[in-house]
Amino acid sequence: MTMTANKDKSYCDWMSQLPPELHDIPLFKLAIPGSHDSMSYDLDINSSIMEPDGLKKLSKIYCARKIVQKWAITQEETITKQLDAGVRYFDLRIARKAHDPDPTRLYFHHGLYTKTDVETVLEEVNDWAGGHPKEILILALSHFHGFDKNIAEHLHRHLISFIMTLFGAKLIHTKETPSLKSCWGKGRNVIVSYDHSTQHSNEIWRKIPYYYGDSMDTSEVESKLRHILEKASPVQSFSVCGLNLTLPESARVLLYILRPFDHLVGVIRRSLPRLLRWVEQQAAKTPMNIVASDVVTRDGFVPTVIKLNNPNA
């Protein structure tokens, strides 16, 4: 049976509490809870619409922006609360606002831009990492919307420089095969994955593959993920199994977004218990590394994934 959330148990420092026999194995062989579209709790209702394309021209209409917001929010809690809840992988989608007077200011996005800028959020993550040195964080930066050709390289260099300066000695190097023990011994606890081919270095990791079902149908999500996991070669690097539901890009999206009394979080909450039961069953057959989801602070998601590391405990 899916593990239910224990309100009396804290997962704030769960990695440091894993049994000693798990301290030496590579991190990519641990089951790690992850957050899909991690910053979507912060979407700005006053933002212009970025996606879907068919609604961009309606950006000036409040009701259109409200519909996008209802169906783009996938997380309910701040990134600090997600960290406190035990989440250790974060899907961070970067964007630059057109005509922003600050040439290097960046935001996150999912349908709309966020209210909070990238540097402010990364500073919060760095502060948390400093207070929890035995918890290993994985930050996956991607998308880079609005990085126009004439400014893209400058923006990438600026962001990478900020990351390396901010996290400094906390960054886990790409040439290592990190385990809990090796990271603790070196005082490093942050992995940054960056989905841009020219920006990798000893401190910046390549894109971590993210597999998902690309459907709103839980049966289809399970089937596609099962096929991927069972065809995969033995785990030798990080990978993400995404439980997130995905709205269709066709006109069928209207079947969802025009529901007056529903929203994406509601659909996900109804689906997540079943998906977590599938995770428990599938993990007994195929190894899972990072398991990412929406609404990660609800419905026992974090304890269910953590328990995969020690199912007999």
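The structure presented is a predicted model; accordingly, all values stated were derived computationally and were not measured.
Across all non-hydrogen atoms, the minimal contact from Trp205 to Pro178 is CH2-CD, 3.9 Å. Annotation for Asn309 and Ala31: closest pair OD1-N, 2.7 Å, computed over non-hydrogen atoms. Between Phe162 and Glu123, the closest heavy-atom pair is CZ-OE2, 3.9 Å. When every heavy atom of Tyr11 is checked against every heavy atom of Ala85, the shortest pair comes out as CB-O, 3.4 Å.
Between His145 and His109, the ring planes lie tilted relative to each other; the angle falls in the 30° to 60° range. Ring orientation note: the planes of Tyr210 and His36 are tilted relative to one another, at an angle of 30° to 60°. Taking the six-membered ring for Trp and thresholds of 30 and 60 degrees, His156 and Phe144 have ring planes more than 60 degrees apart, a perpendicular arrangement.
In this structure, Thr174 contributes its side chain and Glu203 its backbone to no donor-acceptor pair below 3.5 Å. Side chain of Asn189 to main chain of His132: a donor-acceptor pair is present (N/O by atom type, distance under 3.5 Å, no hydrogens or angles).
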Residues Met164, Leu171; criterion side-chain contact (heavy atoms from CB on, under 4.5 Å); working and verdict: CA-CA 8 Å; Met164 293 179 67; Leu171 291 170; 4.3 Å; yes

Worked verdict on Asp100 versus Lys97 for salt bridge (charged side-chain N to carboxylate O under 4.0 Å, His left out): CA-CA 6 Å; Asp100 191 323; Lys97 291 182 180 179; 6.0 Å; no

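Annotation: Phe108 is not in aromatic contact with Tyr41 [ring centroid separation under 6.0 Å not met]. Ring centers of Phe147 and His196: at least 6.0 Å apart, outside the cut-off.
Between Lys285 and Gln282, the side chains place no donor N or O within less than 3.5 Å of an acceptor N or O (distance only, hydrogens not considered). Remark: the His158 side chain and the Glu153 side chain contain no N/O donor-acceptor pair separated by less than 3.5 Å.
Counting heavy-atom neighbours within 6.0 Å of Gln17 CD, excluding the residue itself, gives a total above 12. In this structure, Arg226 places its CZ atom where more than 12 heavy-atom neighbours from other residues, nucleotides or ligands lie under 6.0 Å away.
The pair Glu176-Lys186 counts as a salt bridge, with a side-chain nitrogen and a carboxylate oxygen less than 4.0 angstrom apart.
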